[in-house]
Each structure stands twice: as structure tokens, then as C-alpha cells.
Student: 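My questions all concern the structure below.
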Protein chains: 2
Amino acid sequence: MKKELVTLKKIAQILDLSTSTVSRALNDHPDISEATTKKVKQLAQSLNYVPNIFAKGFRKHRSNIIGVIVPNITHYFTTTMVRGILEEAAIKGYRVIISESNNDVLKQTEMLNTMMQFGVDGILASLTKMTRDIDNILPILNKVPLILFDKVSNKIPCTQITINDEEAAYNAIEHLINIGKKRIAIIKEREFSYTSEKRFSGYLKALKDHDIEIDEKIIISVDDISLIQGKRMANHLLSIKKRPDAIFAITDSAAIGVIQTLKKFNINIPEDIAVVGFSNSSHSTIIEPKLTTVDQPGEKIGKNAVKYLIEEIESTTDILTNKMIEIKGNLIIRDSTFKV
Amino acid sequence: MKKELVTLKKIAQILDLSTSTVSRALNDHPDISEATTKKVKQLAQSLNYVPNIFAKGFRKHRSNIIGVIVPNITHYFTTTMVRGILEEAAIKGYRVIISESNNDVLKQTEMLNTMMQFGVDGILASLTKMTRDIDNILPILNKVPLILFDKVSNKIPCTQITINDEEAAYNAIEHLINIGKKRIAIIKEREFSYTSEKRFSGYLKALKDHDIEIDEKIIISVDDISLIQGKRMANHLLSIKKRPDAIFAITDSAAIGVIQTLKKFNINIPEDIAVVGFSNSSHSTIIEPKLTTVDQPGEKIGKNAVKYLIEEIESTTDILTNKMIEIKGNLIIRDSTFKV
DNA sequence: CTGAAAGCGCTTACAG
DNA sequence: CTGAAAGCGCTTACAG
């Protein structure tokens with residue numbers, strides 16, 4: 001599988017120059033005369049010269065590789081973020097290595113270490129659900145820039161990029177209030193999750209601002225915010241005395257479970273009970289009625305994550321940056337809350 | 001961001017050994033005494049030594065990186081294959097670089113080249129739709145092992161991994177015949193696509209084997225096999241004189257478009273018209289009625305692709321392998337063809 | 001404007 | 001069983 005390699009040395013020999021000069025010419029060093037530079041570049045091109053990335057990386061202590069860790073790559077929203085990451089990284093001349101933690105904290109730590117060892121220039125991570133044990137992550141910060149996106153944790157002192165969960169949830173609830181709903185349930189995560197808490201506080205705030213009583217009975221926490229749990233919790237909410245007239249599920253999958261259950265009991269959506277999700281997953285337009293939800297601009301999040309990361313990689317200062325960046329998500333109103 | 005690096009040299013100094021010995025010990029070279037090996041490994045561990053991957057890659061002309069190119073990373077099925085690739089690669093000690101071609105042939109070529117230049121040990125590619133121009137891809141074959149998966153092309157002499165499209169389509173059609181359908185339409189791709197053609201020939205074969213007349217009028221070819229085209233073609237199929245009593249769409253998204261249109265016209269599924277898709281996308285259980293479809297074992301395809309690729313990478317012979325590997329996909333029967 | 005030389009951290013044929 | 005030495009291909013401080 002070996003090929004006769006074209007190296008700087010070879011080019012230098014042909015042109016009767018030194019490898020130093022050839023190297024400099026190829027890198028547009030100002031010291032080299034235009035004529036030489038041109039000559040070198042031409043030959044390099046015609047010989048199809050490609051620099052040996054390893055020699056280069058070895059020399060410069062730079063890999064131009066970004067490591068990305070996500071809990072689950074099969075989630076649509078995740079793929080849109082990954083797409084943004086790939087695009088932006090390509091533009092900036094970086095390659096992207098991806099790993100999936102499968103929501104396993106141990107695996108996540110292992111992957112962070114492998115990536116470090118592999119010489120990535122920086123890491124972009126979306127954390128597993130129960131990343132309580134920050135101890136495994138903190139050491140990374142001293143070695144390589146780390147930026148968290150989507151599933152973040154304010155316990156880790158680094159730049160974090162999310163969507164404006166609180167505000168978006170607030171808007172979603174306000175929309176429900178505007179269409180006349182007065183008893184709005186929420187299905188959120190039990191485990192501490194930055195995202196879930198933010199959405200919950202948006203919920204609380206909106207209710208308070210509109211003087212709507214907060215009722216613990218319709219604040220539902222689940223371990224695993226899935227379609228199945230959505231179904232289960234909808235069943236539960238239907239069984240309580242004072243039924244809600246709207247359900248806000250903090251993920252689309254749970255919201256879809258809710259809709260499926262409501263339909264099973266022939267409850268009119270949105271007249272009897274309106275439903276709102278979060279994510280604008282591709283399912284949200286397949287389910288009937290189509291789901292009102294918050295569109296999360298995944299690509300934008302991905303692109304921004306790369307931008308901030310490269311900024312840190314290429315920065316000369318060693319100061320730990322600790323920005324909180326919020327990308328705006330928009331409420332998309334569909335039939336599950338408002339029929340035309 | 002620099003850290004005091006632990007190198008072979010440092011370990012050697014501390015232990016009063018040569019770097020050669022340390023290197024050998026760490027690599028379990030049989031020449032080195034057990035005692036020394038143990039001593040070296042212990043110190044390496046306690047110093048948290050990690051080999052410099054670039055020095056290693058540089059030395060060995062090996063990156064242990066696999067390049068992966070897919071047309072669209074947001075497709076659920078693609079992500080399942082990617083998951084398989086990531087898993088298998090991790091097991092084998094390879095890292096994975098991913099690129100998205102966005103179904104753009106030019107971008108695809110560019111990416112193949114960047115990957116080559118980047119020193120990947122091998123490439124796994126799922127081709128863009130209209131990869132007619134093989135000329136850009138052939139040169140790769142001389143430089144680095146290439147394996148095609150899912151979207152393959154028999155014009156390129158390399159190992160190819162797909163699911164058993166023809167057989168699976170055959171089974172799908174046979175199922176429709178078994179439930180009493182006699183006039184089965186197909187919605188396939190107009191552009192030459194290996195996958196589409198295979199599924200089409202499975203369709204033809206099944207009809208022939210069951211002595212069912214083949215009618216060009218219900219063989220529909222579209223440019224872009226999407227949900228919208230599914231809707232459009234369902235409309236068309238409803239407009240023709242002798243309506244079909246079943247529709248086989250070669251992708252789930254088109255099948256879902258078909259269902260949505262049939263429902264709009266209050267056509268009973270499956271009694272009046274049954275619908276079958278292909279992929280077992282996550283949408284297929286969200287749509288109502290739930291879609292009968294072919295489950296494509298994406299992870300298995302991904303894992304196999306990696307296995308064959310690594311085999312070629314690590315093989316010493318230069319022979320171009322040209323295997324066609326088919327992974328079996330199973331028909332999943334749901335409400336769109338058969339109600340219990 | 002150009003070149004000689006050192007060195008990045010590792011592996012490995014060669015020697016003992 | 002261990003070591004000295006060369007070399008992978010590149011960049012860069014130093015010298016001229």
C-alpha cells in the first residue's frame with residue numbers, strides 16, 4: 001500500500017534548493033523571493049505534493065483535530081449539531097473525531113482520555129445525563145480547551161453553549177396561556193439536568209408572571225424523559241381529579257407519547273388538552289396532530305461551539321474562559337395547541 | 001496550554017535505561033526481561049505516560065484513523081451505521097473522522113482528498129446519489145483501502161457492503177401478495193441508484209414468481225425519493241383508472257408521504273390500499289397506521305464495514321479485494337399492511 | 001534572500 | 001537481554 005512519497009527533500013533536490021527554503025516557500029514565508037516561491041509551488045503542485053501531516057503535527061504539537069463526544073448520535077437534534085460542527089471545522093481547517101458515550105459516564109471519561117492521548121487540539125462535549133462526578137473531567141481542562149454544548153454542567157468551569165431553555169420554555173407556556181389554558185402540567189426530568197431545570201424555571205416564571213397557581217400535582221418528574229414515559233405520565237395526568245388542560249413535555253419524544261395516549265382516550269387535542277414539546281424533532285410533523293414545539297437550531301449551536309473552541313485553541317493566553325452562550329430557539333406553533 | 005511531557009527519554013533517565021529498552025518494554029517486546037518490562041510499565045503508569053501519537057504515526061506511517069464519508073448525517077439510518085462504525089473502530093483501536101458530503105459530488109471528491117492528505121489509514125464511504133464520475137474516486141484505490149457501504153457502486157472495484165435489497169424487497173412484495181394484494185405499485189428512484197435498482201428487481205421478481213402482471217403505469221420513478229414526492233406520487237396513483245391496491249415505496253419517507261395522502265382522501269389502509277416502506281426509520285412507528293417496512297441493521301453494516309476495512313489496512317498483500325457483502329434486513333409487519 | 005543544522009518523540013536494524 | 005545510532009519529514013532559530 002506504500003506510495004513513493006513526495007517530500008520537501010525531493011522537491012529541494014530537483015530545484016537545487018535546501019529543504020528549508022522549500023518549506024518556507026510552501027508556507028509563504030516573507031523572506032523567500034517571489035520567484036522562488038512560485039517555482040517551488042508550481043513543482044509541488046505538479047508532483048502532487050502533500051505535506052506529511054504527522055511530521056507536521058509532530059513538529060508543531062498540533063493535530064488540527066477536534067474531538068467531539070455526544071451521548072447518542074442517533075438523536076436527530078444531535079446530528080444537526082454534529083452537522084454544524086463538521087461544517088465549521090472544515091471551514092477552519094480542522095478535522096473532527098467523534099465518539100459516542102451512550103450515556104455511560106465511565107465510557108465518557110475513557111473517551112475524554114483517549115482523545116487527549118490522541119492529541120486532539122480541543123474537545124467539544126455534550127455530557128451524559130448523570131455526570132455528577134466532575135472529578136474525571138476537571139483534569140482535562142488543564143491540558144486542552146474544552147467546551148460543553150447542549151448537555152452542559154455549570155459545575156465545570158469552561159465555556160458552555162446551550163439554547164435559551166428558560167426563555168424558550170417561558171414563551172411556550174405563555175403561548176398556552178394566550179390560547180386560554182389555565183392548568184398547565186409539565187413533564188420534566190427528575191435527575192438534575194441543567195437543561196431540564198432551566199426549562200422548568202421558565203415554566204414557573206411564566207405561570208407566576210400570569211398569576212396562575214402552581215400545583216405540585218401536575219409537575220411531573222421522570223427518570224428518563226422518553227416516549228414511553230410520556231405515555232405513562234399522560235395516563236397518570238388523566239387519572240388525577242383536576243385534569244390539566246395543557247401538557248408541556250420538556251422533550252418532543254415525551255410529548256409524542258403524551259399525544260398517543262390522549263388519542264387513545266379520544267381526548268381532543270388541543271381543545272381538551274393542548275400539548276407542547278421541545279426540540280422540533282422530525283417526529284413532530286409526522287405525529288397527528290402536528291406538535292407545537294421549540295425549534296432548536298442545532299447547526300448554529302454546533303458552529304458556535306467550534307468557533308469558540310478554535311478561539312481558545314489558537315489563543316495564546318492561558319486564562320480559562322467561562323462564557324455562557326445561549327442560542328435562541330423559536331416556538332413553532334402547530335396543531336397540538338392551535339388549530340386554524 | 002503546554003504541559004511538561006512525559007517521554008520515553010524521561011522514563012529511561014529515571015530508570016537508567018536506554019530509550020530503546022523503554023520503548024520495547026512498553027510494547028511488550030519479547031527480548032526484554034520480565035523484570036524490566038514490569039518496572040518500566042509501572043513507572044510509565046505512575047507518571048501518566050502517554051505515547052506521542054504523532055511521533056508514533058510519523059515513525060510508523062500509520063495514523064490509526066479511519067475516514068468516513070456519508071451523504072447526510074441527519075438520516076436516522078445513517079446514524080445507526082455510524083454508531084456501528086464508532087463502536088467497532090474503538091474496539092480495534094482506531095479513531096474515526098467523519099465528513100458529510102451533503103450529496104454533493106464535488107464536495108465528496110474534495111473530502112476524499114482531504115482525508116487522504118490527512119493520512120487516514122483507510123476510508124469508508126457511502127456515496128452521493130449521482131456518483132457517475134468514478135474518475136475522481138479510482139485514484140484513491142491505489143493509495144489507501146476504500147470500502148463502500150449502503151450507497152455503493154459496482155463500478156468501483158472495491159469491497160461493498162449493503163443490505164440484501166433485492167431479497168428484502170422480494171419478501172416485502174411477497175407479503176403483500178400473501179395478504180391478497182394483486183395490483184402492487186412501486187415508487188422508486190429515477191436516477192441510477194444501486195439500491196433502488198436492486199429493490200426494483202426484487203419487486204419484479206416477486207411479481208413474476210407469482211404470475212402477477214407487471215404494469216408500467218404503476219411503476220413510478222422519481223428524482224428525489226422524499227416524503228413530498230411520496231405525497232405527490234400517491235396523488236398520481238389515485239388519479240389513474242385502475243388504482244393499485246398496494247404501494248411499495250423504496251424508502252420510509254416516501255411511504256409516509258403516501259400514507260398521509262391516502263388518509264387525506266379517507267382511503268382505508270391497508271384494506272383499500274396497503275403501504276410498505278423500507279428502512280424501519282423511527283418515523284415508521286409514529287405515523288398511523290404504523291408502517292410495515294424493512295428493518296436495516298445499520299449497526300451491523302457499520303461494524304462489518306470497519307472489520308473489512310481494517311482487514312485490508314492490516315493486510316500485507318496489495319491485491320484489490322472486491323467482495324460484495326450483504327447484511328440481512330428483515331421485514332417488519334405493522335398496521336399499514338396487516339391489522340390484527 | 002538562502003542554507004546548515006538541530007530537534008520534535010518514537011521505533012528498529014544492528015551490534016554486542 | 002540491552003544500548004547506540006539512525007531516521008521518519010518537517011520547521012525554525014541561527015548564521016551569513
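The sequence lines fix the lettering, A, B, ..., with proteins before strands; numbering per chain opens at 1. Values in this document were obtained by computation on a predicted structure and should not be read as measured data.
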Student: Does B/Arg24 contact D/dG3 through a side-chain donor or acceptor facing the base, at a distance under 3.5 Å?
Tutor: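 Per atom types, the contact qualifies.
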Student: Base, sugar-phosphate alone, or nothing: which one does B/Asn52 contact when heavy atoms must sit under 4.0 Å apart?
Tutor: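 It contacts sugar-phosphate atoms only.
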Student: Taking all non-hydrogen atoms of both residues into account, name the closest pair between B/Glu100 and B/Thr74 and its distance.
Tutor: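 Smallest interatomic distance, heavy atoms only, reads OE2-N, 4.3 Å.
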Student: Does a side-chain N or O from B/Ser33 land closer than 4.0 Å to OP1 or OP2 of D/dT2, or not?
Tutor: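 Yes, because at least one side-chain N or O of B/Ser33 sits under 4.0 Å from OP1 or OP2 of D/dT2.
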Student: To the nearest Å, give me how far apart NE2 (B/His29) and C1' (D/dC1) are.
Tutor: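 Taking NE2 of B/His29 and C1' of D/dC1, I get 10 Å after rounding.
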Student: Between B/Arg59 (CZ) and C/dA13 (P), how many Å, whole number?
Tutor: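 After rounding, the gap between these two atoms is 8 Å.
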Student: Could you tell me how far apart A/Leu15 (CG) and C/dT2 (P) are, to the nearest whole angstrom?
Tutor: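 So the CG-P distance, A/Leu15 to C/dT2, works out to 11 Å.
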Student: Using whole Å, what does the distance between atom P of nucleotide D/dG9 and atom CD1 of A/Ile11 come to?
Tutor: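 So the two atoms are 13 Å apart, to the nearest Å.
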Student: Tell me whether the OP1 or OP2 atom of D/dG3 has a side-chain N or O from B/Ser18 closer than 4.0 Å.
Tutor: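 So the side chain of B/Ser18 is within the cut-off, an N or O lying under 4.0 Å from OP1 or OP2 of D/dG3.
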Student: D/dT11 C1' sits how many Å from A/Arg62 CZ, rounded?
Tutor: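 Roughly 14 Å, once rounded to whole Å.
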Student: Reckon B/Asn27 has a side-chain N or O less than 4.0 Å from the OP1 or OP2 of C/dT11?
Tutor: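 Checking C/dT11 against B/Asn27, a side-chain N or O does come within under 4.0 Å of OP1 or OP2.
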Student: Can you check whether A/Thr21 has a side-chain N or O nearer than 4.0 Å to OP1 or OP2 of C/dG3?
Tutor: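 Yes.
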Student: Let me know the distance between NZ of A/Lys10 and P of D/dC8, rounded to the nearest Å.
Tutor: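 Going from NZ in A/Lys10 over to P in D/dC8 covers 12 Å.
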Student: Could you tell me the Watson-Crick or G-U partner of C/dG3, where both distances fall under 3.5 Å? Say none if there is no partner.
Tutor: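 C/dG3 is paired with D/dC14.
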Student: Could you tell me which non-hydrogen atom of B/Gly84 sits nearest to which non-hydrogen atom of B/Lys303, and how far apart they are?
Tutor: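 Heavy atoms only, the tightest pair is O-CG, 3.5 Å.
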Student: Could you tell me how far apart A/Lys56 (NZ) and D/dC10 (P) are, to the nearest whole angstrom?
Tutor: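 My rounded result for the distance is 9 Å.
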Student: Does the side chain of B/Asp121 pick up a donor-acceptor pair with the side chain of B/Ser63 at under 3.5 Å?
Tutor: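 Yes, B/Ser63 and B/Asp121 have a side-chain donor paired with an acceptor closer than 3.5 Å.
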Student: Any side-chain N or O of A/Tyr49 less than 4.0 Å from the OP1 or OP2 oxygen of D/dG9?
Tutor: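 For D/dG9, neither OP1 nor OP2 has a side-chain N or O of A/Tyr49 closer than 4.0 Å.
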Student: Report yes if at least one side-chain N or O of A/Thr36 is closer than 4.0 Å to OP1 or OP2 of C/dT2; otherwise report no.
Tutor: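 So the side chain of A/Thr36 is within the cut-off, an N or O lying under 4.0 Å from OP1 or OP2 of C/dT2.
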Student: Looking for any heavy atom pair under 4.0 Å, which part of the strands does A/Thr7 touch: base, sugar-phosphate only, or nothing?
Tutor: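 The answer is sugar-phosphate, as A/Thr7 gets under 4.0 Å only of primed atoms, P, OP1 or OP2.
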